[in-house]
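Since the structure comes first, as structure tokens, the remarks are kept for the end.
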Amino acid sequence: MDTAERYRLVARNTAEVVTEAELRDLLGDDGDSDDGENVDVDAEAKASGNGDETDVPTIYIGYAPTGEMHIAHFTTIRKLADFLHAGLDVTVLVADLHAHLDDEKSPFPLLDARSAYYREAITGMVKAAGADPEAIEFIQGREFELDSDYSLDLLRMAADTTVARVRRAGSEVVRQSETPNLGGLIYPLLQSLDVAALDADIAYGGLDQRGIYMLSREVLPEHGYDAPVCLFAPLLSGLSGGKMSASDEASKVNVTDPTEEVHEKIGAAYCPRGEIEGNGVLEYLQYLVFPILDERDEPFVIERPEQYGGDVTYGSYDALEADFVAEELHPQDLKTAAAAYIDDTVSPVRARFADRPDLLREAYPERYD
RNA sequence: CCGCGCUUAGCUCAGCCUGGCAGAGCAGCCGACUGUAGAUCGGCUUGUCCCCCGUUCAAAUCGGGGAGUGCGGACCA
């Protein structure tokens with residue numbers, strides 16, 4: 001696979017790359033070893049001891065195990081398949097300490113149970129996206145965030161970072177309050193240090209993470225580490241209009257929602273005729289359903305009464321969007337089909353938990369008792 | 001350790017001074033209109049007034065005790 005193709009895969013369906021040049025550099029002919037066309041030469045490089053520029057780039061994403069996983073998580077996890085196919089090393093951090101530091105969104109005693117649930121859910125999503133979960137390195141925050149070197153770096157960073165700076169950095173991620181806890185202020189520094197500790201070349205996350213990773217790019221070099229290349233996923237619109245809110249059930253589909261609920265939520269979704277802006281239903285298709293269909297080489301089929309034009313088949317999201325914008329495709333017909341495909345997409349993950357009800361029960365005892 | 005504030009619907013809060021049927025906005029739910037949703041219109045629901053004890057014919061309201069939460073003070077060897 002050539003550099004241009006790798007770049008296309010890595011950057012497609014993202015909101016922003018910081019910076020494109022740096023990413024090209026990273027993916028480019030590092031060492032000009034094009035002749036050995038297989039990307040897996042890193043095994044030799046590592047064996048030979050010199051972890052130099054022939055290393056395969058590592059990309060990482062962190063998930064704080066707080067509430068139940070939803071469709072927005074799934075879209076970012078779907079991208080991991082692209083990264084793997086582009087030959088990147090992929091690390092998934094289950095950021096348990098973050099989940100507690102952010103206003104104690106997860107109670108400390110539940111961190112392990114929720115981490116186990118996240119890991120299982122993520123594994124299921126990676127698999128559903130057509131990639132091999134075994135190829136991903138999972139790590140839990142506590143496994144390295146308590147190391148003495150890490151702690152020392154954290155304290156040294158705390159010494160030269162202002163409260164105003166970390167508040168600004170975390171404003172889109174950390175729960176805001178008039179009386180913020182120290183944990184939420186430490187959070188951006190912790191996350192910055194994660195990049196370094198995990199040896200990640202690329203930090204990947206939703207666009208809401210931008211503030212934090214911009215801080216990382218600023219502060220890591222001052223402490224002897226490389227600034228990460230950043231890759232941001234677009235934030236999905238809420239189904240009830242406006243921004244998606246994880247705490248508003250109607251604004252999102254959870255990966256374990258039953259079929260009936262998926263249909264109800266999509267049916268109730270904000271979806272103005274011909275309008276793309278803020279249209280969650282279309283976004284679900286663009287960022288999740290179509291990439292997975294592409295992977296399987298399957299089309300998107302809409303069954304429609306003859307009265308409204310009969311069945312239609314779309315081979316690409318762009319074609320569907322064009323019809324929708326032209327108002328050749330009515331929201332009602334779109335919704336019915338979308339709900340079925342979304343339900344299909346999510347069903348393998350849901351099935352996993354049907355086999356392991358204990359994971360959800362232990363992670364969210366108050367909801368599943 | 002000391003002082004002060006706050007706690008009322010899912011959320012933000014009013015009501016407390018001066019005791020008399022527990023309220024508003026937003027959210028939510030249901031209809032109408034749209035071949036979806038939204039917008040709009042019409043309608044509706046929502047309570048351990050933080051807890052306990054007391055005063056009173058009557059307590060969200062007054063008195064005492066307590067809890068939770070937040071703020072401030074004290075200290076500068």
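A note on names: the letters A, B, ... follow the listed sequences, proteins ahead of strands, and every chain is numbered from 1. The basis for the numbers below is simple: all heavy atoms, side chains too, and nothing from hydrogens, waters or symmetry mates.
In this structure, Asp333(A) places its CG atom 9 Å from C1' of rU36(B), rounding to the nearest Å. Across the protein-nucleic acid pair, Ile276(A) atom CD1 and rA37(B) atom P stand 21 Å apart, rounded to whole Å. Atom C1' of nucleotide rA37(B) and atom CG of Leu334(A) are separated by 11 Å, given to the nearest angstrom. Atom pair Glu277(A):CD and rA37(B):P shows a separation of 22 Å (rounding to whole Å applied). Separating the NE2 atom of His263(A) from the P atom of rU36(B) is a distance of 18 Å, rounded to the nearest angstrom. If you measure from atom CD of Glu264(A) to atom C1' of rC29(B), you get 14 Å, rounded to the nearest angstrom.
rG47(B) is unpaired under the criterion used here, namely a Watson-Crick or G-U wobble arrangement in which both key atom distances are under 3.5 Å. With a 3.5 Å ceiling on both atom-pair distances, the Watson-Crick or G-U wobble partner of rG54(B) is rC62(B). Across all strands shown, rU36(B) has no partner, as no Watson-Crick or G-U wobble contact with both distances under 3.5 Å is found. Base pairing of rC26(B) is made with rG10(B), judged by Watson-Crick or G-U wobble geometry with both donor-acceptor distances under 3.5 Å. Base pairing analysis places rC41(B) opposite rG31(B); the two distances defining the Watson-Crick or G-U wobble pair are each below 3.5 Å. When Watson-Crick and G-U wobble pairs are counted only if both distances are under 3.5 Å, rG19(B) pairs with no nucleotide at all. With both pairing distances under 3.5 Å, rG5(B) is matched to rU69(B) as a Watson-Crick or G-U wobble pair.
For Tyr225(A), the ring pair (Phe, Tyr, Trp, His ring centres under 6.0 Å) criterion is met by no residue, not counting sequence neighbours. Residues satisfying the side chain to side chain contact (heavy atoms under 4.5 Å, CB included) criterion with Arg296(A), sequence neighbours excluded, are Ile292(A), Glu298(A). Evaluation of the side chain to side chain contact (heavy atoms under 4.5 Å, CB included) rule for Pro348(A) yields Ala128(A) as partners, not counting sequence neighbours. Take Leu84(A) and apply the side chain to side chain contact (heavy atoms under 4.5 Å, CB included) test, not counting sequence neighbours, and it matches Val90(A), Ala131(A), Ala135(A), Ile136(A).
For the C1' atoms, the distance from rC17(B) to rA59(B) is 15 Å, rounded to whole Å. With P as the reference atom, rC52(B) and rA67(B) are 15 Å apart, rounded to whole Å. Comparing the P positions of rC33(B) and rC13(B) gives a spacing of 40 Å, expressed to the nearest Å. For the P atoms, the distance from rC53(B) to rG73(B) is 38 Å, rounded to whole Å. The separation of rG65(B) from rC4(B), taken at their P atoms, amounts to 12 Å, rounded to a whole angstrom. Annotation: rA58(B) and rC21(B) have their P atoms spaced 15 Å apart (nearest Å). If you take atom C1' in rC71(B) and the same atom in rG31(B), they sit 49 Å apart, rounded to whole Å. Remark: the separation of the C1' atoms in rG47(B) and rC11(B) is 14 Å, to the nearest Å.
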For residues 227-237 of chain A, which side-chain N or O atoms pair as donor and acceptor with protein atoms under 3.5 Å away, sequence neighbours left out?
unit_1, atom_1, unit_2, atom_2, d
Ser237(A), OG, Glu283(A), OE1, 3.3
Ser237(A), OG, Glu283(A), OE2, 2.8

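Between Phe353(A) and Tyr117(A), the ring planes are tilted. Angles from 30° to 60° get that label.
Residues in residues 195-224 of chain A take part in these side-chain hydrogen bond (donor to acceptor under 3.5 Å, both in side chains) pairs, two or more places apart or across chains: Glu16(A)-Arg210(A), Glu22(A)-Arg217(A), Tyr60(A)-Tyr213(A), Asp160(A)-His223(A), Arg165(A)-Glu218(A), Gln191(A)-Gln209(A), Gln191(A)-Tyr213(A), Ser192(A)-Ser216(A). Applying the side-chain hydrogen bond (donor to acceptor under 3.5 Å, both in side chains) rule to pairs touching residues 123-142 of chain A yields Asp96(A)-Gln140(A), Asp96(A)-Arg142(A), Asp112(A)-Gln140(A), Ser115(A)-Gln140(A), sequence neighbours excluded. Applying the salt bridge (charged side-chain N to carboxylate O under 4.0 Å, His left out) test to residues at least two apart or on different chains, the pairs with a partner in residues 320-330 of chain A are Arg273(A)-Glu327(A). Legend: salt bridge (charged side-chain N to carboxylate O under 4.0 Å, His left out) pairs involving residues 260-272 of chain A, not counting sequence neighbours, sorted by first then second residue: Glu249(A)-Lys265(A), Asp257(A)-Lys265(A), Glu261(A)-Lys265(A).
For the pairing with Phe290(A), the ring pair (Phe, Tyr, Trp, His ring centres under 6.0 Å) check across Tyr284(A), Tyr314(A), Phe300(A) returns one residue only, Phe300(A).
In this structure, the ring of His98(A) has its center less than 6.0 angstrom from the ring center of Tyr187(A).
Near RNA chain B, defined here as any heavy-atom distance below 4.0 Å, there are no residues from residues 235-257 of chain A. Applying a 4.0 Å cut-off to non-hydrogen atoms, the residues of residues 265-273 of chain A that approach RNA chain B are Gly267(A), Ala268(A), Ala269(A), Tyr270(A), Cys271(A), Pro272(A), Arg273(A), listed by residue number. Residues from residues 301-331 of chain A placing a heavy atom under 4.0 Å of any atom in RNA chain B, listed by number, are Tyr308(A), His330(A), Pro331(A).
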**OP:** Apply side chain to side chain contact (heavy atoms under 4.5 Å, CB included) to Met69(A) and Tyr118(A), showing your working.
**Re:** CA-CA 7 Å; Met69(A) 300 201 84; Tyr118(A) 263 58; 3.7 Å; yes
